[in-house]
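Single-structure report; data block below.
Small disclaimer: the values here were computed from a predicted structure and weren't measured.
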Amino acid sequence: NAGVMQNPRHLVRRRGQEARLRCSPMKGHSHVYWYRQLPEEGLKFMVYLQKENIIDESGMPKERFSAEFPKEGPSILRIQQVVRGDSAAYFCASSPGSGGATEAFFGQGTRLTVV
Amino acid sequence: GENVEQHPSTLSVQEGDSAVIKCTYSDSASNYFPWYKQELGKGPQLIIDIRSNVGEKKDQRIAVTLNKTAKHFSLHITETQPEDSAVYFCAASRGGANSKLTFGKGITLSVRP
């Protein structure tokens, strides 16, 4: 049973370009979470999605950031017009969901560098 | 919202000694408390968790205790080994539609051979 798969592992973008980060949850998991980690800091929640629905986006910046989890395919975190401050490690986690607090398993992350 | 604080920020122990990492949380509605281990360049790995209906849970050399009244929980690692060296994060969650995790800032554990 493969774990949470994120790609790419490393992504370099110039200021103003778009970044697309992909996350495939563990088999059987229908809940996906995105977190951002700055150097020497903990993980900050961004968004929580279920298939075709955004459940909680309270941690998403109001502009330039969007996320989706379509019926088919991976979850996508999209950052438009990237700026240097977007440089960070972005982690995706998945859980089986179905109510209550359940274990969340993380991928290896995508390290975004904006130059 | 929830606020999770973790202390100390660094901890160094001799191989074979025990290590204790403490966290406090602010939201009395939080009911799920996982601990993650993160090695350099990797994603967080879930190592143990506890729910609010129990006070202690153990898995081999690792144990977690929860004090709901005082709103704090602790990770205990016994017989530490060099491979235990990593950053450890505590987190808290309410569950359900509020199942996002609020993380502490992490502690760097160094185990001296």
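Between B:F33 and B:Y25, the angle of the ring planes lies from 30° to 60°, which puts this pair in the tilted group. Note: A:F106 and A:Y35 have tilted aromatic rings, judged against thresholds of 30 and 60 degrees for the angle between ring planes.
With a 4.5 Å cut-off on non-hydrogen atoms, A:Q108 touches chain B through its backbone and its side chain both. In this structure, chain A has heavy atoms under 4.5 Å from both the backbone and the side chain of B:P44. Only the side chain of B:Q38 comes within contact range of chain A, with at least one heavy atom under 4.5 Å from a heavy atom of that chain. Only the side chain of A:S58 comes within less than 4.5 Å of a heavy atom of chain B; its backbone N, CA, C and O stay farther away. In this structure, chain B has a heavy atom under 4.5 Å from the side chain of A:Q37, while its backbone stays farther away.
Taking A:V4, A:V47, A:L43 one by one and counting their heavy-atom pairs under 4.5 Å with chain B, the maximum is reached by A:L43.
Between the side chains of A:R64 and A:Q80, not a single donor N or O lies within less than 3.5 Å of an accepting N or O.
Of the candidates B:S30, B:S28, B:S93, B:S30 is the only one forming a side chain to side chain donor-acceptor pair (under 3.5 Å) with B:E2.
At a threshold of 4.0 Å, the pair B:R51-B:E56 does not count as salt-bridged, since none of the basic side-chain nitrogens sits closer than that to a carboxylate oxygen.
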